[in-house]
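If you read the sequence from its start, that first residue is 1, and numbering goes on from there. Ligands are counted one by one from 1 in listed order, and the atoms in each one are counted from 1 as well. Quick note: numbers below take in every heavy atom, side chains included, and nothing from hydrogens, waters or symmetry partners.
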Amino acid sequence: MATVEASGSDGKGQGVETPVTYYRLEEVAKRNSLKEIWLVIHGRVYDITRFLNEHPGGEEVLLEQAGADASESFEDVGHSLDAREMLKQYYIGDVHPNDLKPESDSKLLVLLDFPHRRRHALRFPVPLLLHIGKQILLRRPW
Ligand code: HEM
C-alpha cells in the first residue's frame, strides 16, 4: 500500500504544494503480471496496466520489465518525445529515496563530467612528453 510521505513544489516558486507518493521497490516488484503492471523509469513509478495493449513496441517487452527498473531499456530504444510525454499519463509516484540507486545516474554523471575528465587526460601526458623530449635532446650524441 502506498503512502503519501512528502510533498513537492510545482517548481515555479509559487509555493503550490503537490503531494508525492513514494513507493518502495519491493512494492513495485509485486506488480509484475498482466493483471497489474508497474515499472520504474528514472526514479518514477508508472502503472502501465492499461497501456499494455496500446504500446507500439508490443506488450512482450513491457512484460519483460514488469515490476523492475526499465530506465535503461526505455532509453536504449530511443523513444520519441511523444513517448516521453505519454509517460505522464501513467505516473503514479516516485521511488522511495531509500531505494534510489546512485549508479542509476552514473551514466549521466560521466557525461556531465566529460570535459573535466578530458582536461585531466590531457594535462598528464603533455608535461610527461615534454620531459621525455628534453631528456632525448640532452642525451643526443650529435
Ligand atoms: C510507459 C512506458 C513506455 C511508453 C509510454 C512507450 C511508448 C512507446 C511509443 C510511443 C513508441 C512508438 C515509437 C516512439 O514514439 O518512440 C514505442 C515503441 C517501442 N517501445 Fe516503448 N514505451 C514504453 C516503454 C517501453 C519499454 C520499457 C521498452 C523496453 C524495451 C519499450 C520498447 C519499445 C520498442 C522495442 C518499440 C518499437 C521501436 C521501433 O519500432 O522502432 N518501450 N514505445
Open item on the list: Does only the side chain of I48 get under 4.0 Å from ligand 1, or the backbone, or both, or neither? Count heavy atoms.
Closed with: side chain

Task: Region of Y46 engaging ligand 1 - heavy atom pairs below 4.0 Å - done: neither

Identity of the nearest option to [atom], non-hydrogen atoms only, from [options]:
atom	options	result
atom 18 (C) of ligand 1	G57, A68, A70	G57
atom 26 (C) of ligand 1	L39, L81, V61, L62	L62
atom 10 (C) of ligand 1	E64, K88, Q65, M86	M86

Task: N/O donor-acceptor pair under 3.5 Å between T49 side chain and I37 backbone - done: yes

Open item on the list: Test your reading of the model: is there a side-chain donor-acceptor pair from R31 to the backbone of E27, 3.5 Å cut-off?
Closed with: yes

- [ ] Please check if a non-hydrogen protein atom sits closer than 4.0 Å to atom 41 (O) of ligand 1.
- [x] no

Task: atom 20 (N) of ligand 1 protein-contacted (non-hydrogen atom, under 4.0 angstrom) - done: yes

Closest protein heavy atom to [atom], given as residue, atom name and distance to 0.1 Å:
atom	result
atom 2 (C) of ligand 1	L87 CD2, 3.5 Å
atom 33 (C) of ligand 1	H55 CE1, 3.4 Å
atom 8 (C) of ligand 1	H79 CD2, 3.3 Å
atom 11 (C) of ligand 1	P56 CG, 3.4 Å
atom 35 (C) of ligand 1	V77 CG2, 4.0 Å
atom 4 (C) of ligand 1	F51 CE2, 3.4 Å

Task: Nitrogen or oxygen of S73 less than 3.5 angstrom from that of ligand 1 - done: no

- [ ] Looking only at distances, please establish whether an N/O atom of ligand 1 is found under 3.5 Å from an N/O atom of S80.
- [x] yes

TODO: Check whether the ring centres of F74 and H79 lie less than 6.0 Å apart, and answer yes or no.
DONE: yes

Just how far is it from atom [atom1] of [X] to atom [atom2] of [Y], taken to the nearest 0.5 Å?
X	Y	atom1	atom2	answer
R50	E36	CZ	CD	12.5 Å
L52	E59	CG	CD	4.5 Å
D94	R44	CG	CZ	5.5 Å

- [ ] Report, in ascending order of atom number, the atoms of ligand 1 lying under 4.0 Å from any heavy atom of A83.
- [x] 5 (C), 7 (C), 8 (C), 9 (C), 10 (C), 16 (O)

Open item on the list: Could you check whether any side-chain heavy atom of Y23 comes within less than 4.5 Å of a side-chain heavy atom of V95, counting everything from C-beta outward?
Closed with: no

Open item on the list: Yes or no: does Y90 have any heavy atom under 4.0 Å from an atom of ligand 1?
Closed with: no

- [ ] Give the ring-plane orientation class for F51 versus Y90, where under 30° counts as parallel, over 60° as perpendicular and anything between as tilted.
- [x] tilted

Task: Chi angles and distances behind the side chain to side chain donor-acceptor pair (under 3.5 Å) call for D69, S71 - done: CA-CA 6 Å; D69 190 328; S71 312; 2.4 Å; yes

Open item on the list: Between R84 and E75, does any side-chain N to carboxylate O distance fall below 4.0 Å?
Closed with: yes

Task: E54 atom CD, over 12 foreign heavy atoms within 6.0 Å - done: yes

